[in-house]
Amino acid sequence: NIESNLDPNVAYFQTKEIINKIYEFLRREEVMQSVMQHNPFKERYKNNNDLYVHVRLGDVKSKNPGHEYYLKALETIDFENLYISSDSPTHKIITEIKRKYRNSKKVEVIEYGKIKTIQFASTCKNIVLSHGTYSSVIGYLAYFSDISYPFYDKENAWCGEVFNIKGWKEINF
(Lines give C-alpha, C1' and ligand atoms only; values in the text may rest on other atoms or scores of the structure.)
Protein backbone atom coordinates (compact mmCIF):
# COMPACT_ATOMS: atom_id res chain seq x y z
CA ASN A 1 0.00 0.00 0.00
CA ILE A 2 1.71 3.17 -1.22
CA GLU A 3 -0.36 5.28 1.19
CA SER A 4 1.96 4.33 4.06
CA ASN A 5 5.19 6.05 5.01
CA LEU A 6 8.07 3.98 3.58
CA ASP A 7 11.64 3.89 4.84
CA PRO A 8 14.09 4.09 1.91
CA ASN A 9 16.92 2.93 4.16
CA VAL A 10 15.43 -0.56 4.53
CA ALA A 11 13.58 -1.02 1.24
CA TYR A 12 14.63 -1.36 -2.39
CA PHE A 13 12.41 0.74 -4.63
CA GLN A 14 14.04 0.14 -8.00
CA THR A 15 12.03 -2.84 -9.21
CA LYS A 16 9.54 -2.55 -12.05
CA GLU A 17 6.64 -3.37 -9.72
CA ILE A 18 7.52 -0.70 -7.12
CA ILE A 19 8.37 1.96 -9.72
CA ASN A 20 5.01 1.40 -11.42
CA LYS A 21 3.21 1.83 -8.08
CA ILE A 22 5.11 5.05 -7.33
CA TYR A 23 4.45 6.36 -10.84
CA GLU A 24 0.74 5.51 -10.65
CA PHE A 25 0.50 7.23 -7.26
CA LEU A 26 2.18 10.39 -8.57
CA ARG A 27 -0.24 10.37 -11.53
CA ARG A 28 -3.39 10.43 -9.39
CA GLU A 29 -5.31 13.58 -10.18
CA GLU A 30 -5.26 14.91 -6.61
CA VAL A 31 -1.52 14.26 -6.29
CA MET A 32 -0.78 15.87 -9.65
CA GLN A 33 -2.82 18.95 -8.77
CA SER A 34 -1.07 19.30 -5.43
CA VAL A 35 2.42 18.91 -6.94
CA MET A 36 1.68 21.41 -9.69
CA GLN A 37 0.04 23.91 -7.33
CA HIS A 38 3.11 23.91 -5.07
CA ASN A 39 5.60 24.22 -7.92
CA PRO A 40 7.08 27.76 -8.03
CA PHE A 41 7.40 27.33 -11.83
CA LYS A 42 3.77 26.21 -12.31
CA GLU A 43 3.08 28.84 -14.99
CA ARG A 44 5.49 26.93 -17.26
CA TYR A 45 3.37 23.75 -17.47
CA LYS A 46 2.16 23.35 -21.08
CA ASN A 47 3.54 26.83 -21.81
CA ASN A 48 6.98 26.34 -23.38
CA ASN A 49 8.98 24.42 -25.96
CA ASP A 50 12.02 24.08 -23.74
CA LEU A 51 14.38 21.16 -23.35
CA TYR A 52 15.89 20.16 -20.04
CA VAL A 53 18.92 17.85 -19.90
CA HIS A 54 20.11 16.14 -16.73
CA VAL A 55 23.74 14.99 -16.66
CA ARG A 56 24.47 12.76 -13.64
CA LEU A 57 28.17 12.35 -12.99
CA GLY A 58 29.62 12.81 -9.50
CA ASP A 59 29.97 9.49 -7.68
CA VAL A 60 28.79 7.45 -10.71
CA LYS A 61 30.69 9.17 -13.51
CA SER A 62 31.64 5.77 -14.96
CA LYS A 63 27.94 4.87 -15.33
CA ASN A 64 27.05 8.02 -17.29
CA PRO A 65 25.97 7.17 -20.86
CA GLY A 66 28.40 9.76 -22.30
CA HIS A 67 28.18 12.75 -24.62
CA GLU A 68 27.09 10.60 -27.62
CA TYR A 69 23.86 9.73 -25.82
CA TYR A 70 23.04 13.35 -25.07
CA LEU A 71 23.90 14.59 -28.56
CA LYS A 72 21.85 11.81 -30.18
CA ALA A 73 18.88 12.53 -27.94
CA LEU A 74 19.05 16.28 -28.60
CA GLU A 75 19.15 15.73 -32.37
CA THR A 76 15.71 14.07 -32.21
CA ILE A 77 14.00 16.96 -30.38
CA ASP A 78 12.70 20.27 -31.69
CA PHE A 79 13.08 22.88 -28.95
CA GLU A 80 13.56 26.60 -28.34
CA ASN A 81 15.59 26.91 -25.14
CA LEU A 82 18.02 24.41 -23.65
CA TYR A 83 18.49 24.05 -19.90
CA ILE A 84 21.12 21.74 -18.41
CA SER A 85 21.83 20.75 -14.84
CA SER A 86 24.48 18.50 -13.39
CA ASP A 87 26.31 17.68 -10.22
CA SER A 88 29.43 18.52 -12.29
CA PRO A 89 28.41 21.64 -14.27
CA THR A 90 31.85 22.27 -15.80
CA HIS A 91 32.32 18.72 -17.10
CA LYS A 92 33.29 18.11 -20.72
CA ILE A 93 29.84 16.67 -21.59
CA ILE A 94 28.17 19.96 -20.64
CA THR A 95 30.74 22.08 -22.47
CA GLU A 96 30.27 19.95 -25.61
CA ILE A 97 26.49 20.35 -25.52
CA LYS A 98 26.81 24.09 -24.93
CA ARG A 99 29.32 24.44 -27.77
CA LYS A 100 27.09 22.57 -30.23
CA TYR A 101 23.99 24.70 -29.55
CA ARG A 102 25.39 28.09 -28.48
CA ASN A 103 24.88 29.74 -31.89
CA SER A 104 21.37 28.45 -32.54
CA LYS A 105 19.64 28.24 -29.14
CA LYS A 106 19.56 29.83 -25.74
CA VAL A 107 21.63 27.46 -23.59
CA GLU A 108 21.69 27.84 -19.84
CA VAL A 109 23.21 25.73 -17.09
CA ILE A 110 20.88 25.98 -14.12
CA GLU A 111 22.27 25.60 -10.64
CA TYR A 112 19.23 25.50 -8.40
CA GLY A 113 19.10 23.28 -5.37
CA LYS A 114 17.93 19.68 -5.78
CA ILE A 115 14.23 20.29 -5.18
CA LYS A 116 14.02 23.48 -7.23
CA THR A 117 15.83 21.72 -10.09
CA ILE A 118 13.20 18.95 -10.09
CA GLN A 119 10.44 21.56 -9.98
CA PHE A 120 11.85 23.55 -12.91
CA ALA A 121 12.86 20.56 -15.03
CA SER A 122 9.46 18.89 -14.67
CA THR A 123 7.80 21.86 -16.39
CA CYS A 124 9.88 21.66 -19.59
CA LYS A 125 8.13 20.24 -22.63
CA ASN A 126 11.07 17.95 -23.43
CA ILE A 127 13.35 16.18 -20.97
CA VAL A 128 16.49 14.10 -21.50
CA LEU A 129 17.33 12.08 -18.41
CA SER A 130 20.54 10.57 -17.13
CA HIS A 131 20.89 7.36 -15.12
CA GLY A 132 19.73 7.22 -11.50
CA THR A 133 16.69 7.70 -9.34
CA TYR A 134 17.09 11.48 -9.00
CA SER A 135 16.81 11.78 -12.76
CA SER A 136 13.84 9.40 -12.88
CA VAL A 137 11.94 11.49 -10.31
CA ILE A 138 12.18 14.45 -12.67
CA GLY A 139 10.45 12.30 -15.26
CA TYR A 140 7.79 11.01 -12.85
CA LEU A 141 6.77 14.58 -11.99
CA ALA A 142 6.91 15.85 -15.59
CA TYR A 143 3.19 15.46 -16.21
CA PHE A 144 3.05 17.02 -19.68
CA SER A 145 6.55 16.33 -21.01
CA ASP A 146 8.15 14.11 -23.62
CA ILE A 147 10.79 12.05 -21.80
CA SER A 148 13.93 10.45 -23.25
CA TYR A 149 16.26 8.21 -21.27
CA PRO A 150 19.42 6.18 -21.96
CA PHE A 151 19.36 2.57 -23.11
CA TYR A 152 18.87 0.28 -20.14
CA ASP A 153 21.31 -2.61 -19.99
CA LYS A 154 19.96 -4.97 -17.32
CA GLU A 155 23.31 -6.74 -16.95
CA ASN A 156 25.23 -3.53 -16.18
CA ALA A 157 22.48 -1.44 -14.60
CA TRP A 158 23.10 0.05 -11.19
CA CYS A 159 19.88 1.99 -10.66
CA GLY A 160 17.27 -0.69 -11.27
CA GLU A 161 14.30 -0.38 -13.61
CA VAL A 162 13.48 3.23 -12.80
CA PHE A 163 12.89 4.20 -16.45
CA ASN A 164 10.43 1.46 -17.28
CA ILE A 165 7.57 3.89 -17.99
CA LYS A 166 5.16 3.46 -20.89
CA GLY A 167 5.45 6.33 -23.35
CA TRP A 168 9.01 7.29 -22.46
CA LYS A 169 11.53 7.10 -25.30
CA GLU A 170 14.61 4.94 -24.85
CA ILE A 171 17.66 6.26 -26.72
CA ASN A 172 19.91 3.46 -27.91
CA PHE A 173 23.35 4.79 -28.77
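For the pair Asn39/Leu141, no side-chain contact is recorded, criterion being any heavy-atom separation below 4.5 Å from C-beta on. Between Asp50 and Arg44 there is a side-chain heavy-atom pair separated by less than 4.5 Å. Contact annotation: the side chain of Leu129 approaches that of Trp168 to within less than 4.5 Å [non-hydrogen atoms, C-beta and beyond]. For the pair Asn81 and Glu108, the minimum side-chain heavy-atom distance is 4.5 Å or more. Using a 4.5 Å heavy-atom cutoff, the side chains of Tyr149 and Lys169 are not in contact. Within the 4.5 Å cutoff, the side chain of His131 has no heavy atoms near those of the Val60 side chain. Between Phe163 and Ile147 there is no side-chain heavy-atom pair separated by less than 4.5 Å. Under the 4.5 Å side-chain criterion, counting only non-hydrogen atoms from C-beta, Asn126 is in contact with Asn49.
Atom CD of Glu24 and atom NZ of Lys21 lie 7.0 Å apart (nearest 0.5 Å). For the atom pair Ile138 CD1 and Thr133 OG1, the distance stands at 10.5 Å (nearest 0.5 Å). Note that CG of Asn47 and SG of Cys124 are 11.5 Å apart. Values are rounded to the nearest 0.5 Å. A distance of 9.5 Å separates NE2 in His91 from CG in Asp87, rounded to the nearest 0.5 Å. Note: Leu74 CG to Thr76 OG1 = 7.5 Å, rounded to the nearest 0.5 Å. For the atom pair CE of Met36 and CZ of Phe144, the computed distance is 4.0 Å after rounding to the nearest 0.5 Å.
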Please report, to 0.1 Å, the donor-acceptor pairs under 3.5 Å made by any side chain of residues 113-121, with sequence neighbours excluded.
unit_1: Thr117; atom_1: OG1; unit_2: Tyr112; atom_2: O; d: 3.4
unit_1: Thr117; atom_1: OG1; unit_2: Gly113; atom_2: O; d: 2.8

What's the verdict on side-chain contact (heavy atoms from CB on, under 4.5 Å) for Lys106 and Glu80, showing C-alpha distance, side-chain angles and the deciding distance? CA-CA 7 Å; Lys106 172 188 173 190; Glu80 290 177 20; over 6 Å; no

Decide side chain to side chain donor-acceptor pair (under 3.5 Å) for Ser130 and Tyr70; before the verdict, give the C-alpha distance in whole Å, the side-chain angles of both, and the deciding distance to 0.1 Å. CA-CA 9 Å; Ser130 189; Tyr70 295 102; 3.0 Å; yes

Could you walk me through whether Val128 and Ile171 pass the side-chain contact (heavy atoms from CB on, under 4.5 Å) test, one step at a time? CA-CA 9 Å; Val128 174; Ile171 304 294; over 6 Å; no

Walk me through whether Thr90 and Thr95 qualify under side-chain contact (heavy atoms from CB on, under 4.5 Å). CA-CA 7 Å; Thr90 60; Thr95 57; 5.8 Å; no

Candidate pair Ile94 and Val53, rule side-chain contact (heavy atoms from CB on, under 4.5 Å), full reasoning: CA-CA 10 Å; Ile94 288 112; Val53 176; over 6 Å; no

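Minimum heavy-atom separation, Arg56 to Asn64: O-ND2, 2.8 Å. Scanning all heavy atoms of the two residues, the minimum distance from Ser148 to Ile77 falls at OG-CD1, 4.3 Å. In this structure, Ser88 and Gly58 approach most closely via the heavy-atom pair OG-N, 3.6 Å. Considering all non-hydrogen atoms of both residues, Val107 and Lys98 come closest at CG1-CG, 3.6 Å.
Between the Arg27 side chain and the Tyr140 main chain, a donor and an acceptor come within less than 3.5 Å of each other. One N or O on the side chain of Tyr143 and one on the backbone of Leu26 form a donor-acceptor pair closer than 3.5 Å. A donor-acceptor contact shorter than 3.5 Å links the side chain of Asn48 to the backbone of Thr123.
The side chain to side chain donor-acceptor pair (under 3.5 Å) test with His54 is passed by exactly one of Ser86, Ser135, Ser85: Ser135.
For Lys105 and Phe79, the positive end sits near the middle of the six-membered ring, less than 6.0 Å away and at most 45° from its axis.
Within 6.0 Å of the CD atom in Glu30, the count of heavy atoms belonging to other residues, nucleotides or ligands exceeds 12.
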